[in-house]
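Let me begin by presenting the structure, written as structure tokens, before commenting on it.
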Amino acid sequence: MSFSVHGLAVSRGIAIGRAVIVASSRIDVAHYFVQTEQVEGEIERLRHARNEVATEILKVQQSLHDLGPSDAHPELTALLDVHLMLLQDEQLTNGVKHWIVERHYNAEWALTTQLEVIARQFDEMEDPYLRERKADLEQVVERILRVMRGVTSPVGVGQPRPGQDSAVDVPLVLIAHDLSPADMLQFKQSVFTGFVTDVGGKTSHTAIVARSMDIPAVVGARSASQLIEQDDWVIIDGDAGVVVIDPSPILLAEYGFKQRQGEVERERLSRLKNTPAVTLDGQRIELLANIEQPEDAVGALKAGAVGVGLFRSEFLFMGRNGKLPDEEEQYQAYKRAVEGMQGLPVTIRTVDVGADKPLDRVAQRAGEDHLNPALGLRAIRWSLADPAMFLAQLRAILRAAAHGPVHLLIPMLAHASEIRQTLALVHRAREQLEAAGVRQGVVKLGAMIEVPAAALTIPLFLKHFDFLSIGTNDLIQYTLAIDRADEAVSHLYDPVHPAVLHLLANTITQCHEQGKGVSVCGEMAGDVAMTRLLLGLGLRSFSMHPSQILAVKQQILRCDTTRLQTWAQTVLAAEDPAALMTD
Ligand code: PEP
Ligand code: MG
């Protein structure tokens with residue numbers, strides 16, 4: 001019977017496909033399809049790993065036995081027996097085979113998929129002893145995965161795609177309790193056409209990456225990952241924030257129609273690619289792209305962006321088990337982005353880890369889980385705490401600037417002392433390159449305004465920086481004390497709260513008065529519902545995901561900024577600005 005769950009609409013469009021439930025702890029397991037002729041090889045790889053694990057367990061059992069009866073560990077011996085039994089369990093082995101043969105999943109994916117199926121059955125058991133066997137099964141699967149990690153598949157990630165083989169010609173959607181931004185990057189290469197998570201807010205970084213992938217997504221869908229079962233048919237409505245499970249034929253037809261309408265709309269918008277973004281009263285508006293990886297430059301150009309307004313460099317630093325990219329690796333990545341943009345400017349933001357962008361899956365430092373990472377050692381604070389690491393990044397950016405126009409952007413500054421330290425380090429990085437005779441380029445220096453303290457001290461920033469970029473995602477979070485990643489308070493996350501609008505308007509006006517560049521690079525810039533207001537407040541430079549550029553351009557082409565200016569002042573003075581947004 002069909003039913004639906006509701007969450008937050010974070011990335012538009014409709015996806016229809018079979019559910020793949022992935023446990024958050026196993027998201028880093030490779031997910032790809034194998035070709036028909038590779039199916040046997042995958043089954044063999046799994047059989048080999050299983051046999052290896054069985055041999056390991058038997059060896060441990062033998063050594064326990066050799067210790068003699070006085071040192072015997074009956075509990076451990078019994079546990080190992082259970083593990084041996086689980087290794088041979090028919091439901092596990094047959095199930096895994098099913099996913100490989102019928103669905104062409106690679107061995108690791110098939111194994112973790114079947115683990116999820118069985119784990120749910122354990123969860124429903126009344127008997128606490130049997131329920132606890134789930135942990136044993138997870139350990140056994142973990143051991144098999146560990147052996148398989150040493151024996152990689154001959155097939156590369158993401159090579160065969162659905163549609164190339166009739167056996168895998170079924171669209172798949174990902175369902176998970178949670179996904180970190182680093183997991184999302186991995187999924188950029190993957191086979192999934194949409195995703196749903198139980199947790200997450202509208203401007204959480206997971207949602208932001210989903211938008212950059214331009215696939216329908218719903219986050220904050222509470223218990224979706226519990227209610228949806230492996231292989232269920234699912235509709236993800238990324239416009240309404242609704243997930244329909246096991247849809248009826250009528251619903252399928254209805255959503256199939258909406259999906260096609262969306263495609264037609266995109267096709268229509270694509271014709272605007274080469275149209276200059278100029279308002280009815282002749283104001284030229286700069287539309288820039290937000291990117292996470294150098295390769296995203298291709299999409300930015302394709303969407304008609306006139307530059308990159310925000311390259312979130314932290315994505316180069318994530319999911320690397322603590323091993324950070326060195327200067328050379330970063331330089332190569334920034335250079336690729338600069339060259340990819342073919343002479344258009346690239347704004348590289350220095351690393352912004354922390355808050356909901358942990359370096360690795362283990363989000364917090366041991367023993368510090370009572371702290372709030374959004375208020376902790378994040379962004380520039382993290383960089384200034386490790387000057388050697390920061391200098392390496394600054395040198396890499398300065399070197400990349402020798403290959404094309406680069407702007408250097410610093411996140412989350414709030415204090416004059418932070419500004420001084422940052423500028424001193426930029427100066428030192430320049431000197432170091434000069435002393436070593438390494439080629440570097442000239443960069444424009446910019447600061448992000450994303451903390452209320454910064455928005456209230458704009459003259460200080462204008463004294464030291466060439467341009468400002470308003471990070472509304474954090475500016476809203478910190479002004480309203482709303483965790484942007486927490487779906488429980490997402491209804492209070494209000495981009496048009498009068499306090500937020502005053503900080504925005506004030507920043508834009510002061511930049512104009514001083515003749516300095518100002519843009520907005522938070523999600524507000526790519527939200528078509530906000531375009532008129534931002535234009536009315538005087539904004540002329542917007543930075544957003546490439547997938548949103550054409551829709552925002554369409555709005556711009558219909559606007560007259562002289563009229564919007566007066567209306568925006570009314571909105572700014574209103575007690576409830578949201579009520580005026582549709583005027
Ligand atoms: C912002 O805060 O608006 C911003 C653009 O930075 P991020 O979303 O990466 O924190
Ligand atoms: Mg930010």
Side-chain angles (χ1 to χ4, degrees), residues 10-11 180-182 184-185 200-212 219 288-293 296 300 307-318 346-359 363 372-383 407-414 418 446-455 461 467-486 490 493-497 500-501 503-504 507-508 518-527 530 534 539 541-546 548:
V10 292
S11 185
S180 75
M184 289 299 301
L185 269 201
K202 231 180 159 124
T203 56
S204 63
H205 285 90
T206 301
I208 287 175
V209 182
R211 275 193 282 279
S212 82
V219 304
L288 303 162
N290 288 358
I291 65 171
E292 278 93 32
Q293 291 174 308
D296 295 340
V308 167
L310 175 66
F311 177 178
R312 289 183 161 98
S313 70
E314 54 274 15
F315 282 88
L316 301 174
F317 288 64
M318 284 185 217
V346 177
T347 309
I348 304 174
R349 179 177 72 182
T350 59
V351 64
D352 178 8
V353 292
D356 71 329
K357 281 181 289 192
L359 270 185
N372 180 342
L375 301 180
L377 201 62
R378 181 189 166 183
I380 190 62
R381 303 169 181 182
W382 194 77
S383 296
H407 303 164
L408 173 60
L409 182 61
I410 313 293
M412 222 188 155
L413 287 164
E418 287 171 333
M448 286 197 71
I449 301 299
E450 45 187 354
V451 180
F461 284 80
F467 69 98
L468 301 183
S469 184
I470 311 174
T472 45
N473 304 336
D474 279 314
L475 189 60
I476 298 166
Q477 150 162 279
Y478 295 126
T479 304
L480 302 180
I482 299 297
D483 185 336
R484 60 194 266 196
D486 184 352
S490 63
Y493 188 92
D494 181 9
V496 294
H497 186 290
V500 174
L501 293 185
L503 294 177
L504 252 173
T507 307
I508 296 169
V518 59
S519 69
V520 168
C521 62
E523 296 302 288
M524 226 173 148
D527 181 349
M530 296 293 154
L534 291 173
L539 191 75
S541 174
F542 296 61
S543 191
M544 66 200 80
H545 287 300
Q548 283 139 305

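Just so it is clear, the model here is predicted, and its values are computed rather than measured. The chain is numbered in sequence order, starting from 1. Order of listing sets the numbers, starting from 1, for every ligand and every atom in it.
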Legend entry - Protein N/O/S atoms closer than 2.8 Å to the Mg ion (ligand 2): Glu450 OE1, Asp474 OD2
Inset, instruction - For the pair Phe317 and Trp382, name the ring-plane relationship: parallel under 30°, tilted 30 to 60°, perpendicular over 60°. - result: perpendicular
Inset, instruction - Only counting residues at least two apart or in another chain, list the ones meeting side chain to side chain contact (heavy atoms under 4.5 Å, CB included) with Arg381. - result: Leu377, Met412, Glu418
Inset, instruction - Keeping the roles fixed (side chain from Tyr493, backbone from Ala485), state whether a donor-acceptor pair exists under 3.5 Å. - result: no
Name each N or O atom in ligand 1 that is under 3.5 Å from a protein N or O, and give the partner atom and the distance.
| residue | atom | partner | partner atom | Å |
| --- | --- | --- | --- | --- |
| ligand 1 | 2 (O) | Glu450 | OE1 | 3.0 |
| ligand 1 | 2 (O) | Asp474 | N | 3.0 |
| ligand 1 | 2 (O) | Asp474 | OD2 | 2.9 |
| ligand 1 | 3 (O) | Gly471 | O | 3.4 |
| ligand 1 | 3 (O) | Thr472 | N | 3.1 |
| ligand 1 | 3 (O) | Asn473 | N | 2.8 |
| ligand 1 | 3 (O) | Asn473 | ND2 | 3.2 |
| ligand 1 | 6 (O) | Arg349 | NH1 | 2.9 |
| ligand 1 | 8 (O) | His205 | NE2 | 3.2 |
| ligand 1 | 8 (O) | Arg312 | NH2 | 2.8 |
| ligand 1 | 8 (O) | Asn473 | ND2 | 2.9 |
| ligand 1 | 8 (O) | Arg484 | NH2 | 2.7 |
| ligand 1 | 9 (O) | His205 | NE2 | 2.9 |
| ligand 1 | 9 (O) | Arg312 | NE | 2.8 |
| ligand 1 | 9 (O) | Arg312 | NH2 | 3.4 |
| ligand 1 | 9 (O) | Arg349 | NH1 | 3.2 |
| ligand 1 | 9 (O) | Arg349 | NH2 | 2.8 |
| ligand 1 | 9 (O) | Lys357 | NZ | 3.1 |
| ligand 1 | 10 (O) | His205 | NE2 | 3.3 |
| ligand 1 | 10 (O) | Arg378 | NH2 | 3.1 |
| ligand 1 | 10 (O) | Asp474 | OD2 | 2.9 |
| ligand 1 | 10 (O) | Arg484 | NH1 | 2.9 |

Legend entry - Min side-chain heavy-atom separation Arg484-Ile482 under 4.5 Å: no
Inset, instruction - Can you spot which of Asn473, Ile476, Asp474 makes a side-chain contact (heavy atoms from CB on, under 4.5 Å) with Thr203? - result: Asn473
Legend entry - Partner residues of Arg349 under the salt bridge (charged side-chain N to carboxylate O under 4.0 Å, His left out) criterion, sequence neighbours left out: Glu314, Asp352
Inset, instruction - Quick one: pull up CD1 in Ile208 and CD in Glu523 and give me the separation to the nearest 0.5 Å. - result: 4.0 Å
Legend entry - Check: Ile291 and Val308 side chains under 4.5 Å, non-hydrogen atoms: yes
Inset, instruction - Would you indicate whether the side-chain heavy atoms of Phe311 and Leu409 approach each other to under 4.5 Å? - result: no
